[in-house]
Amino acid sequence: MGYELRVVRESPLAFAELAKAIAPAGFELRGSDEIVIGHGGDVHPVARWRDQLVGEPGSDWQVAQLLRLSTALGARLVGEDGEVYTLRDGVMEVEAAGAVTELGKFGEIIDAGPTAWSP
């Protein structure tokens, strides 16, 4: 299992509402628990439903998609160590321990696609 990012809402979203809430942003529910989105003619997993949405990103693109998903649901994207991911002026940022780090331009990351991180 990799590092988890959670989509956290003030008021929890019921599973029955999930598909309806994510569809306008281009996401789909596959099977009973997987959230996916298309890119380059393929479908890529973004998150899983485990009484909340949890993603284990393997690329900046997946982090960006999790950020889009959290925004579509009116939620925050939070790492397992408490860091918070945001989008400000078209730039993805992560705040941890009071420090803000830029991750890159959102549009460029989305356009680049789901290229996996190198070890």
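Note that the structure is a prediction, hence the values are computed from the model and not measured.
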Below 3.5 Å, can you tabulate the donor-acceptor pairs from side chains in residues 103-112 to any protein atom, sequence neighbours excluded?
none

Candidate pair Val43 and Glu28, rule side-chain contact (heavy atoms from CB on, under 4.5 Å), full reasoning: CA-CA 10 Å; Val43 176; Glu28 297 176 23; 5.9 Å; no
Chi angles and distances behind the side-chain contact (heavy atoms from CB on, under 4.5 Å) call for Trp117, Val63: CA-CA 11 Å; Trp117 290 317; Val63 174; 4.0 Å; yes
Candidate pair Arg88 and Glu95, rule salt bridge (Lys or Arg N to Asp or Glu O under 4.0 Å), full reasoning: CA-CA 12 Å; Arg88 184 168 40 121; Glu95 181 177 348; over 6 Å; no
From CA spacing to verdict: side-chain contact (heavy atoms from CB on, under 4.5 Å), Leu13, Leu73: CA-CA 8 Å; Leu13 182 67; Leu73 296 173; 3.7 Å; yes
Test log, rule side-chain contact (heavy atoms from CB on, under 4.5 Å), inputs Thr115 and Ser59: CA-CA 6 Å; Thr115 303; Ser59 69; 5.7 Å; no
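Taking 4.5 Å as the limit, every side-chain heavy atom of Met92 sits out of range of all side-chain heavy atoms of Tyr85. Using a 4.5 Å cut-off on side-chain heavy atoms (C-beta onward), Val46 and Leu53 make no contact.
A donor-acceptor pair is defined here as one N or O able to donate and one able to accept, closer than 3.5 Å; no such pair exists between the side chain of Arg76 and the backbone of Val84. Checked by atom type and distance alone, the side chain of Glu80 pairs as donor or acceptor with a backbone atom of Glu4 at under 3.5 Å.
Tracing side-chain contacts under 4.5 Å through hydrophobic residues (I, L, V, M, F, W, Y), one never reaches Val8 starting from Ile22; they form parts of separate clusters. Leu67 and Val36 are not part of a single hydrophobic cluster, where members link through side-chain heavy atoms under 4.5 Å apart. With hydrophobic clusters built from ILVMFWY side chains whose heavy atoms lie under 4.5 angstrom apart, Leu18 shares a cluster with Phe27. Tyr3 and Val7 end up in the same hydrophobic cluster when Ile, Leu, Val, Met, Phe, Trp and Tyr side chains are linked at under 4.5 Å.
Taking all atoms of both residues into account, the shortest heavy-atom contact from Gln62 to Pro45 is NE2-O, 3.2 Å. Looking at every heavy atom in both residues, Leu66 comes nearest to Ala47 through CD2-CB, 3.9 Å. Heavy atoms only, all atoms of each residue included: Ile37 and Ala25 are closest at CD1-O, 4.1 Å. Across every non-hydrogen atom of Gly74 and Arg9, the tightest pair is O-CG, 4.2 Å. Closest approach of His39 to Pro114, counting heavy atoms only: CD2-CD, 3.4 Å.
Ring pair Trp49/Phe15 is tilted by interplanar angle, where 30° to 60° counts as tilted.
Residue Gln52 places its CD atom among more than 12 non-hydrogen atoms of other residues, nucleotides or ligands, all under 6.0 Å distant.
With rounding to the nearest 0.5 Å, the separation of CG in Leu5 from CD in Glu56 is 9.0 Å. Here Arg48 contributes atom CZ and Arg30 contributes atom CZ; the two are 8.0 Å apart, rounded to the nearest 0.5 Å.
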